[in-house]
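What follows is one structure encoded as structure tokens, with my remarks underneath.
Protein chains get the first letters and strands the later ones, always in sequence-line order, with residue 1 at the start of each.
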Amino acid sequence: MIQKPTFTSTWKALLYLLPALVILLTFNIYPIIKSFIMSFYTDYDFFKDIVYEYGLDNFTYIFQDAEFWKSVVNTLVFVIGVVPLSIVISLGIAILLNTKIRFKGIFRSIYFLPFVTSVIAISMVWRWLYHTDYGLINYSLGLFGIEKIAWLTDPQWAMPAIIIMCIWKGLGYNIIIFLAGLQNIDQQLYLAAQIDGAKPWKRFMNITLPMLSPTMFFISIVSVINSFKVFDEVFALFDGKPGPAYSAQTIVYYIFEKFYNEWEFGIASAAAIILFVIIFLITLIQLRLGRSRIIY
Amino acid sequence: MQRAAFSKGFIYLVLIIGSVCMLLPFAWMFITSIKSPGEVMMMPPVWIPEDFKWENYKEAWSMAPFARYTINSIIVTVLSTLGELVTTILAAYAFSRMHFYGRDILFSILLGTMMVPGEVLLIPNYVTLSNLGWIDQYQALIIPWLASIFSIFLLRQFFLGIPQELSYAAKIDGCNNFRFLWTIMVPLAKPALITIVLLKAIGSWNSFLWPLIVTQSKEMRTLPVGLTSFSTEAGINYELLMAASTMIILPMIILYFCLQRYIIEGVAKAGIKG
Amino acid sequence: MKKFVFSVLTVLLVFALAACGNDGDKDSESKVSASSDSSSEKIKTDISSPVEIDFWHAMSGNHEIALQKITDDFNSSQEDITVKLVNQGSYDDLNTKNMAAAKAGNLPALTQAYEDWMTNYIDHDLITDLTPYVTSDEVGLSKEEVDDIVQIFREANTWDGKYYGMPFNKSTQIMYYNVDYFEEAGLNAPTTWDELRDAAEKLTTEKDGRKIVGLGLENSTSSQINQWVLQAGGNYLDEDSGKFLMNSPEGKEALEFLNGMFKDGSARLAGEDGYMSEPFARGDAAIYFGSSAGIPYVAAPAKENGVNWAAAPLPKGKQAATAFAGTNVAIFSSATDDEKLAAWEFIKFLINADNTTYWAMETGYLPVRYSALEKKEWVTFTTDHPEYGVGEKQFDAGFYDPRLAGAYELKNAVAKVIDKVFLGELTEDEGLKSAEEAANKSLKK
Amino acid sequence: MKIQLKELSMKFDDVLAVNGLNVHINKGELVSLLGPSGCGKSTTLFMLAGLYKPSSGEMYFGDTLVNNVEPENRGIGMVFQNYALYPHMTVLKNIMFPLKMAKVPHKKAEEKAIEMANLVQIGHLLDRKPKQLSGGQQQRVAIARALVKQPQLLLLDEPLSNLDARLRIEMREEIRRIQQEVGITTIFVTHDQEEAMSISDKVLLMKDGQFQQYSKPQEMYDHPVNMFVGKFMGNPPINMIPVTFDHKNLSIQINGTDEKLKVTSKLNYELVSGNQMLLGVRAEDFVLEKLEGISNSFSAKVDLVERTGRDTLVHATVGNHAIRALVNQDFVVKPSNIVKLSIRKNRLQLFDAETELNLVLGKE
């Protein structure tokens, strides 16, 4: 059904769009453009809103700033730590939940529970769980004879601490999406494979995984993008600091720091643009890989 | 037969261990919240406090203006959710059912902006709001969140799935666009709308960075922001901290258990289509 | 998916175009000089109509209650001025909000401010020169009154001979120690580094399954490293030449001293406890270096836990040095004349001898006037509570943080490096070297 | 209400979906718009409904030009291919919806809706939701909803295509019954020629947006104006045998054979472009004989005999052309028999090979 836009229809549609557009233009589009422009401010009086100089200095600064590279590395470690593990665990649980068992609904609800809770509140709880001397985690490890770990105060353990908490929090979301994907697989395929003599493992490798590839693809893209933007968890878990000796500083934290603590708008904006470009490139690569891997 | 029973047992075992891991933080939060200060720091940990110190809740509640925080959180959550619902319905209708110049380009631009990390928007937005004189007022907490590209996208997809003929039929039946939207499309899109409302409500209730930045006085803080400042005040009185955390998390858990079917279905749908 | 990519490219293009269209138009404007000759300014000396002013602060808990009391007293003492307290969270939050509000043009009349913030505010013409108020015949302070303000605090509020603020909540580092533990071990409160080290080592034990550390330090120790450097006889930063001086044998000595104790476990940072006051009050640390403003935070829980404690001046290294911290009050220049005057009236009230004494007794901050120290209430009070008197004993050893513009960034940058040394990620030498690099980098900006 | 379309055209981007349609529909008639998919029949219907605006041409309802009249003001009812029932409303609410929109008082609207539901025989299903109904029942609800406003014109867009074979026949009779009971002018879109033949007063046949023929169904069957119409109507399809025309003797010779037939029908010589033609004969119009010597006949070799109970369908070859003939079931014939075929009187069509037009002059 093809209908052509007309002047009248455009005018009418604008009325419908107006409320949303006013908000989105003011609070989404304009700030993006503004931030982009700001990344080229090299000499700027924030209070008087005067820009004395434009240039690429901010980008030069960032590329030479070891702190920035550290935060890039940290973010990458975080992404690599969270995404694959989370996908593997949630896929495993989703597959178990997709079998003929009882209390399926209850299990599903339990796994999803962390997703609805406040990052801030639950991070406080994790801070308590991670406590070196009185935390439940070290106590449990102690039962297995493992020495106390200074999760929140040892720079080497800060990233693992945050990764564990984020996996815990995000697991339910992935499980739900995997379950939806699993339920979309035609059961006849399994019957056919069974008749062809495929054992469970073979059925998993040859039916489940390939048929699940679009879901997997979706989850990996979403998780990677979200993981690149991690901030709240870091902020709350380390009580407003990015870990001991900045050991868990992520890119967004770097941006935040430059913005709010140092008032370096140009540098912060430039870092934000770089983050955007990184996410964009990685998504492109994923799309490329996805195209050749996805079976249907 | 035996093998099947064995593997079933194994499945239950794994799922139960997993569930325990998922629930333990909540349980520990609650247990700690009713302990006495002495029990909190005891090793090995105390699983059942000697007596349940419910007064921890009272103390935490009175140490900071949590009543005010709660009211603020409710106001902000309710108003921004309702507002977003209206803007989303109207915009999704325009994008899914109306033909106008620049529709596809506009939609693509909006979708493209979803890739930009939200933190980038904070400072320019702060400046905009302060120019409007809205800092430390409800407007600042609500108005920027009255529209969401993600929600519009989600609802548009749902609207596209409703047969075009329905709108033709309604047109012939004498129903104009606006009325059609509210009497036919909206009731039909109920599942999608519930999803949008729930995700929004959860997000709004839990949001942190924005209220932190645009509120100045204690009277305007929402619960998560209040909690962080409380955490500095409470120091390492973990029983009070956990009591406060419980109070913030509990409403969402209740909401979740009442409406979990919609939330889970909604996430599944939004995920698959998105 | 092609569509998706296309859309993103479209967005990028839009930005690029927007960027091109917008630059250049402001280049021609020249920088506006920040300095202005304010001493000759005429000020308003009477209030024509009732004024309400906001005071943005970062006080919480007991401190906030005490401040509220003084403010209430002020509000009921006269009719024209109402001061409204607005808690802005932490100090960092307060600074952030001041900056943002300056931009937005909705600054309050009054704020708490550290010296290095004030340097920055002065650069941007944000705060008012208070000299005309101080020297005013009608509303000013007499010579005696000016001299009554503790000298080091006065100096800290003076830039080029002009007052930009008045000291308000000033604190100093003091040493808290657990009397029971010291008695048990037969030790006296340490007065030198060597004694400190010795005591810390001896008092680090395990008791009933609980670990007790000899010396407990705040997490902010790295940003207060200048105190240790000064004690070691070195210098941190030269305010006049803007040179970072910590990369020196004295700096190394300070780092090695601290780090040595961290390494052998006789000292620790508060870590996940946030502040060391609680663990100390719980008996988990034998000695604790903390702010005098933390006295109420130690006293209350210590009483609850039955911990006996006392306070003493910080042990000396080559010399005695203790950081004076805490903020001043300043008036924003965006306020109207009436508001400025109202704010000035409030400042005078806030730091008069009675109130500064009351404030000090309630909070552990120091009285900011010499006359307060001699007040009978104060003398009695400090006799009953000797810990409150420790701070004033250190006035001579006091120093305040460098006030260069960008000092805040510098301190942060250096602290980050020092933290790495404490955490064993860098050796002392590496730490000093990269601290110098970080400092020079932020000085150059 | 009579309907008149004058030079009606619709263009989507570069595609001419309907091209210069001129039609006159009398009051109370049921007209089928027939044609293969993509021929423009639905587009025409949507223009009549006012859902599409024609690119050019005029539409008259009665004497009123309705080109710019909004759908709701045209006095039409419409039934969609997928019924387009409002899924969240009960049957009653669905039927009442148009009345509600017209601000008919609730009580009266309900009465009318129930009356209409009874007419389409779903009075017992009023409280159900559409999902709980069978296809046929949904169909009836859709019709009731379309008729409840008492429109002047009823538009049906392939209403039977989603039903199974038996239900389709039942509903088609039902639609005819209701239409005649209400006496409403009705336009019915379908791609099924049999459906169109059985239900309509008149059939409008279209192809690629072009008008082909507009006449009574039997007339269209008996006298297609061109090869397309001939082929589209009837099952089994009409036999088309290439022939060469002998103008002098008024006879035709089947190409590739010596078989000649005399042509007795009157031909429209103005349409002739050469002597290559196609002989069109419907399967039932062949007369089959075993015997030699029957005049004006030709021989063919039997390939296959299909018996379907009522009829016998004989597949045969003449020259190298396959033909099909329906014969009386008493007639016994076996594959590889040679049979004689003649054509019933006045039942042959001759199409010009180049213009594809029917050369036989019709009655009109």
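Contacts of A/F235 with chain B are made by side-chain atoms alone, with heavy-atom separations under 4.5 Å and no backbone atom involved. Looking at A/N226, there are no atoms closer than 4.5 Å to chain B (heavy atoms on both sides), in backbone or side chain. Contacts of A/T6 with chain B are made by backbone atoms alone, with heavy-atom separations under 4.5 Å and no side-chain atom involved. In this structure, chain B has no heavy atom under 4.5 Å from any part of A/L15. Residue contact with chain B, scored on non-hydrogen atoms closer than 4.5 Å, involves the backbone and the side chain of A/T26 alike. Only the side chain of B/M242 comes within contact range of chain A, with at least one heavy atom under 4.5 Å from a heavy atom of that chain. Interface remark: B/I248 contributes side-chain atoms only to the contact with chain A (heavy atom separation under 4.5 Å). In this structure, the portion of A/Y30 lying under 4.5 Å from any heavy atom of chain B is its side chain and not its backbone. Neither the backbone nor the side chain of A/W11 has a heavy atom closer than 4.5 Å to any heavy atom of chain B. When heavy atoms are compared at a cutoff of 4.5 Å, B/L121 approaches chain A by way of both its backbone and its side chain. Using a 4.5 Å cut-off between heavy atoms, B/T128 touches chain A through its side chain atoms alone. Heavy atoms closer than 4.5 Å to chain A are found in both the backbone and the side chain of B/P44. In this structure, the portions of A/Y111 lying under 4.5 Å from any heavy atom of chain B include both its backbone and its side chain. Only the side chain of B/M98 comes within less than 4.5 Å of a heavy atom in chain A; its backbone stays farther off. With a 4.5 angstrom heavy-atom cutoff, B/V40 touches chain A via backbone and side-chain atoms both. A/L96 touches chain B through backbone and side chain together, each having a heavy atom under 4.5 Å away. With a 4.5 Å cut-off on non-hydrogen atoms, A/N28 touches chain B through its backbone and its side chain both. Contacts between B/L198 and chain A at a heavy-atom distance below 4.5 Å are absent for every atom of the residue. Within the 4.5 angstrom heavy-atom criterion, only side-chain atoms of B/L129, from C-beta onward, approach chain A. Heavy atoms closer than 4.5 Å to chain B are found nowhere in A/I137, neither backbone nor side chain.
Within the 4.5 Å cutoff, no side-chain heavy atoms of B/L241 are placed close to those of A/V125. Looking at heavy atoms from C-beta onward, A/L129 lies out of side-chain contact with B/L24 at the 4.5 angstrom threshold. With a 4.5 Å cut-off on side-chain heavy atoms, A/Y16 and B/F95 do not count as touching. At a threshold of 4.5 Å between non-hydrogen side-chain atoms, the residues A/I120 and B/N206 do not count as touching. Proximity of A/F112 to B/Q260: side-chain heavy atoms (C-beta onward) are nowhere separated by under 4.5 Å. At least one side-chain heavy atom of B/L15 sits less than 4.5 Å from a side-chain heavy atom of A/I101. For the pair B/W205 and A/S118, the minimum side-chain heavy-atom distance is 4.5 Å or more. Looking at B/Y256 and A/T117, their side chains never come closer than 4.5 Å, going by heavy atoms from C-beta outward.
Contact between B/P144 and A/I23 at its shortest, heavy atoms only, is O-CG2, 3.7 Å.
Under the 3.5 Å distance criterion, the side-chain polar atoms of B/T113 are left unmatched by any main-chain donor or acceptor of A/I29. Panel note: side chain A/K12, backbone B/F100; no donor-acceptor pair is recorded below 3.5 Å. Here the side chain of A/T10 pairs a donor or acceptor atom with the backbone of B/Y101 at under 3.5 angstrom.
Heavy-atom pairs under 4.5 Å with chain B were tallied for A/V222, A/L24, A/I93, A/L136; the largest tally goes to A/L136.
A tilted orientation is assigned to the rings of A/F107 and B/Y12, their planes being inclined by 30° to 60°.
Annotation: A/W168 is in aromatic contact with B/F26 [ring centroid separation under 6.0 Å].
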### Candidate pair A/Y134 and B/Y238, rule ring pair (Phe, Tyr, Trp, His ring centres under 6.0 Å), full reasoning
CA-CA 11 Å; A/Y134 306 107; B/Y238 281 102; 8.6 Å; no
